[in-house]
Amino acid sequence: MVDPNLEKVVHFERDRPDVQGDAHPKKLLRAIIEDGDHLTKLSAQHIYSADQFDRDTLLQLFRLAAKYEANPGRFATSLDGQILISAFYEPSTRTRLSFESAWHRLGGDIMSITDRSTTGIAKGESLRDVGEMFNNYGDCVVLRDTEESSVREMMGALRIPIINAGNGTDEHPTQALADLYTIFKWRPDLLTEERGQPLNLCIVGLPSKMRTVRSLLKLLCDFPECFGTVTIINDLTIEEMFCQDQLEQLTEAGLNIKTLDCLNDALPEADVVYINAISWEGDSFKQYGSVYHLDADSPLKENAIILHPLARGEELCTSLDSTPHNWYFSQARGAVFLRMALLTCLVQRAERVLDVI
Ligand code: CP
């Protein structure tokens, strides 16, 4: 006989909503008119920095991601015959598995390397030479590396696209794409003529060191009219908070950047709270902003949503998981569809999925 306590925990509801913030991709789909030309040009690019994306390309990527999310089973063979080389030389839960899930869901095959010491790098082989070999083995590379320079080094040898999946403290462009996709799924009206109030975005993080924050801020520059204020919460000096020219570039793009050291002063005005505490530096991670915490008792606006690139620490209390503020699990889920959209474009398969209702 099964122990009654075990009986309680082994059963789960397959049909319960998987996340709070189960947004409606169809509303975003309807808010953006399809124009595939902006996606076709991605087939001749490596994805290194969030700076590479212009507004039109972003909108079309979000549209394609929403199309995948609205009809997840419809495009199961878009990448048949294609091979992804997934090379992660730094720990990852979400980025590696969501890229691999995205590729599998589109019918492609994968070769995965999770430890650089199992490759010729352990014998002194250069990343450039490894890249030269990758040309023979696959159709697309996703690379995460602790070193900022690694993606560029491999790019120099590749004739197939490579995606930067996080390079040290520098950038994490596809995380930022997933972040902005989540925001526009929540508020697709921001992209229409009936646009409601622009958002007050509160970022608890460190733009000079956190690659997720750095890449997100770059993407926001393409949509300054959607954000009334972007408030960075930190207790460091301006010089420590931003790296050289970073603040100037953001303000020149039309963003209204503010800085505050008290989180609870900012929360009552914030529509979106983005929080992160980790930066990968060298061979390990560092935590910043240990004084900042969000929990179910934080003075959040009733309709505010919380985003977090995850992995989380004590800055984001699990008491928020079952509240409508929790959009961080939805953000992680949507990243699969966003990555499906990007991968399709990079390997020249966009024409297979455009114009398909
Ligand atoms: N958001 C993110 O980069 O998570 P992982 O480190 O788990 O990939």
Side-chain angles (χ1 to χ4, degrees), residues 19 21 47-50 53 61 65 84-105 110 112-116 140-148 150-151 162-183 185 203-207 209-220 272-289 294 305-316 318 320-321 326-343:
V19 285
I47 302 301
Y48 179 76
S49 165
F53 296 98
L61 274 174
L84 179 71
I85 300 172
S86 164
F88 277 71
Y89 302 146
E90 184 207 290
S92 167
T93 303
R94 278 146 296 276
T95 313
R96 181 168 77 84
L97 295 177
S98 66
F99 263 116
E100 296 189 4
S101 174
W103 194 270
H104 277 303
R105 284 174 192 279
I110 292 177
S112 193
I113 309 165
T114 54
D115 182 352
R116 58 159 71 209
C140 184
V141 182
V142 178
L143 178 68
R144 170 172 288 187
D145 200 294
T146 49
E147 293 296 324
E148 188 178 327
S150 296
V151 183
I162 184 171
I163 301 173
N164 176 4
N167 62 332
T169 57
D170 187 29
E171 283 228 40
H172 194 349
T174 62
Q175 177 64 49
L177 290 171
D179 301 343
L180 200 51
Y181 174 59
T182 310
I183 291 172
K185 257 194 311 181
I203 296 180
V204 189
L206 187 54
K209 300 267 190 194
M210 290 177 183
R211 61 192 179 199
T212 58
V213 174
R214 289 161 63 82
S215 292
L216 177 60
L217 287 169
K218 285 171 188 266
L219 290 193
L220 299 184
V272 179
V273 184
Y274 179 104
I275 185 164
N276 186 22
I278 288 175
S279 163
W280 194 274
E281 297 177 33
D283 292 333
S284 185
F285 65 87
K286 278 197 182 162
Q287 281 185 284
Y288 291 95
L294 284 175
I305 67 167
I306 298 172
L307 301 181
H308 192 311
L310 306 173
R312 71 169 144 194
E314 289 184 358
E315 74 281 358
L316 181 61
T318 53
L320 282 158
D321 290 1
N326 171 5
W327 276 60
Y328 35 92
F329 291 158
S330 175
Q331 176 189 7
R333 180 179 188 276
V336 177
F337 303 104
L338 187 285
R339 289 180 170 127
M340 286 166 74
L342 182 65
L343 291 166

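Both ligands and their constituent atoms are indexed starting at 1 by order of listing.
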S215-E171 side chain donor-acceptor pair, cut-off 3.5 Å | yes
Under 3.5 Å: donor-acceptor pair, side chain of Q331, backbone of H308 = yes
Are R144 and F88 in a cation-pi setup, meaning NZ or CZ lies under 6.0 angstrom from the ring centre and within 45 degrees of the ring axis?
-> no
Which is closest to atom 1 (N) of ligand 1 in terms of heavy atoms, S92, P309, A178, S98?
-> P309
Charged N to carboxylate O below 4.0 Å: is that the case for E90 and R211?
-> yes
Shortest protein contact, atom 6 (O) of ligand 1 (heavy atom only) | R144 NH1, 2.9 Å
Sub-4.0 Å heavy-atom contact, E90 with ligand 1 | no
Taking the side chain from R214 and the backbone from D170, do they hold a donor-acceptor pair closer than 3.5 Å?
-> yes
Which atoms form the tightest heavy-atom contact between G166 and H172, and what is the distance?
-> N-ND1, 4.1 Å
Where ligand 1 meets H172 - atom numbers and elements under 4.0 angstrom, heavy-atom basis | 2 (C), 3 (O)
Which heavy atom of the protein is the closest neighbour of atom 7 (O) of ligand 1, given with residue, atom name and distance?
-> T93 N, 2.7 Å
Distance filter under 4.0 Å to Q175 heavy atoms, resulting ligand 1 atoms = 1 (N), 2 (C)
Backbone, side chain, both or neither: what part of L310 comes under 4.0 angstrom of ligand 1, heavy atoms only?
-> backbone
min-distance protein heavy atom vs atom 4 (O) of ligand 1 -> R94 NE, 3.1 Å
Of all heavy-atom pairs between N164 and N167, which one has the smallest distance, and what is that distance?
-> ND2-OD1, 3.0 Å
So is T95 polar-close to ligand 1, meaning N/O to N/O under 3.5 Å?
-> yes
